There are 2 protein chains.
Amino acid sequence: MSAVASQELHEEVRRRLAEHDIRYTGGRQAVVRTLQRVEGPQSAADLHKRVRSIPLSSLYRSLMVLADVGILSKHHDSDGLARFELAEWLMGHHHHMVCTSCGRVEDIEPSSDVEAAIRRLIDDLASSVDYQVEDHVLEVSGICPACSK
Amino acid sequence: MSAVASQELHEEVRRRLAEHDIRYTGGRQAVVRTLQRVEGPQSAADLHKRVRSIPLSSLYRSLMVLADVGILSKHHDSDGLARFELAEWLMGHHHHMVCTSCGRVEDIEPSSDVEAAIRRLIDDLASSVDYQVEDHVLEVSGICPACSK
DNA sequence: TTCCTTGCAAACGATTTGCATTGGA
DNA sequence: TCCAATGCAAATCGTTTGCAAGGAA
């Protein structure tokens with residue numbers, strides 16, 4: 001559940017890719033490295049600005065491959081743009097705090113007891129509709145400290 | 001917080017639109033009526049199938065207008081498709097349970113004490129990053145009863 | 001050699017927009 | 001009359017794909 005150490009991360013990724021006979025190429029490493037050092041989910045365009053050496057189509061292909069094998073998680077922001085971040089087994093489980101004013105996204109890592117409480121609530125909710133819970137996403141929106149001034 | 005009575009709904013909508021000098025036309029009523037009777041957020045294509053009389057471009061325009069004045073809320077599914085549902089002040093606050101197998105989305109209305117607990121947790125999380133909470137979305141994914149058989 | 005990868009350009013598909021027309025207050 | 005609303009076609013734009021060339025094992 002907790003994040004993989006930074007040094008081990010690339011080895012973990014390489015290993016996971018190898019299981020699928022997929023190479024951990026320079027372009028893919030650049031994507032993972034970039035996502036490792038920036039906060040919040042990034043769009044293809046965001047990443048393209050940071051690794052201008054990789055053409056967009058290749059970037060999209062890398063993102064697809066990495067998401068397919070579970071190294072990245074993909075979701076869509078309020079504008080429908082696809083955004084990517086390192087998957088939870090690499091990043092650690094976390095939630096998002098989105099500023100409705102500036103769009104900034106902050107990662108929030110709940111303390112273990114808060115997280116436990118969330119799970120309990122979710123299990124409650126799920127049992128009422130007889131679902132088998134796999135995962136959950138909590139996204140909180142509000143005004144960030146910078147914008148509230 | 002609770003849902004507006006079905007009969008009052010259209011009056012509420014008409015009122016809200018009137019504040020913006022926007023007419024509550026047949027097409028818009030069809031959209032609202034459809035969203036009122038189907039479960040879960042609907043895509044433009046979904047809605048178009050149900051109200052085939054309205055061309056897609058007009059449908060998109062209705063959806064945009066209705067979302068802009070806060071009658072509909074818009075979000076994107078895992079494929080990036082825009083989906084719409086009646087806003088919370090009309091629908092009542094609720095969360096989503098998404099089946100990862102068949103894609104079905106179920107609305108979940110948390111009991112008031114569960115909801116209170118969620119808010120407490122969120123306020124906790126938010127205070128740690130000094131955000132001013134406005135809203136929250138909890139999306140739980142798992143296997144629905146039909147798919148688990 | 002074998003197959004995964006990459007680049008470029010073309011194709012796609014959801015959504016948006018220009019413009020002339022229609023319709024309600 | 002006046003201005004919002006509509007329909008149609010064309011344009012946008014993020015994303016995907018075909019295909020030929022490149023590269024690692």
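Order of the sequence lines fixes the chain letters, A, B, ..., with proteins taken first and strands second; residue numbering starts at 1 for each chain. Being a predicted model, the structure only gives us computed values, none of them experimental.
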Atom-pair distance ([atom1] on [X]; [atom2] on [N]), nearest Å:
| X | N | atom1 | atom2 | result |
| --- | --- | --- | --- | --- |
| A/Leu56 | C/dA9 | CG | P | 13 Å |
| A/His48 | D/dC13 | NE2 | P | 17 Å |
| B/Gln42 | C/dA14 | CD | C1' | 17 Å |
| A/Asp68 | D/dT16 | CG | P | 10 Å |
| A/Ile54 | C/dT6 | CD1 | C1' | 10 Å |
| A/Leu63 | D/dT17 | CG | C1' | 16 Å |
| B/Leu59 | C/dA14 | CG | C1' | 12 Å |
| A/Ile22 | D/dA24 | CD1 | C1' | 15 Å |

Under 4.0 Å from OP1 or OP2 of [N]: is there any side-chain N or O of [X] that close?
| X | N | answer |
| --- | --- | --- |
| A/Arg61 | D/dT15 | no |
| B/Ser58 | D/dG7 | yes |
| B/Thr25 | D/dA5 | no |
| B/Tyr60 | C/dT15 | yes |

Exercise. A/Gln132 and B/Ser148: which non-hydrogen atoms are nearest, and at how many Å?
Worked result: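 Minimum heavy-atom contact is OE1-CB, 3.9 Å.
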
Exercise. Taking all atoms of both residues into account, what is the closest heavy-atom pair of A/Leu35 and A/Phe84, and its distance?
Worked result: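 Taking A/Leu35 first and A/Phe84 second, the nearest heavy atoms are CD2-O, 3.4 Å.
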
Exercise. Do A/His136 and A/Glu115 meet the criterion of a side-chain donor-acceptor pair at a distance under 3.5 Å?
Worked result: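 Short answer, yes.
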
Problem set entry | No-hydrogen, no-angle side-chain donor-acceptor test under 3.5 Å, A/Glu139 and A/His75 |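 No - no donor-acceptor pair under 3.5 Å links their side chains.
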
For this session: For B/Ala45, answer base if it contacts any base atom (sugar-phosphate contacts may also be present), sugar-phosphate if it contacts only those atoms, and nothing otherwise; contact means non-hydrogen atoms under 4.0 Å.
Result: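 It contacts nothing in the nucleic acid.
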
Exercise. Using a cut-off of 4.0 Å on non-hydrogen atoms, how would the nucleic acid contact of B/Leu81 be classed: base, sugar-phosphate, or nothing?
Worked result: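 Answer is sugar-phosphate: B/Leu81 comes under 4.0 Å of backbone atoms only.
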
For this session: Would you mind telling me which residue lines up with the more 5' stretch of DNA chain C, B/His76 or A/Pro55, judged by nearest nucleotide?
Result: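 It is A/Pro55, whose closest nucleotide lies nearer the 5' terminus.
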
Problem set entry | 5′-ward residue of the pair B/Arg28/A/Ser43 relative to DNA chain D |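 Per heavy-atom nearest nucleotide, the more 5' residue is B/Arg28.
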
For this session: Take B/Asp21 and B/Ser57, find for each the nucleotide of DNA chain D with the closest heavy atom, and name the residue whose nucleotide sits nearer the 5' end.
Result: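 That would be B/Asp21.
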
For this session: For the pair B/Arg83 and B/Glu85, find out whether any cationic side-chain nitrogen is under 4.0 Å from an anionic carboxylate oxygen.
Result: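 No salt bridge links B/Arg83 with B/Glu85.
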
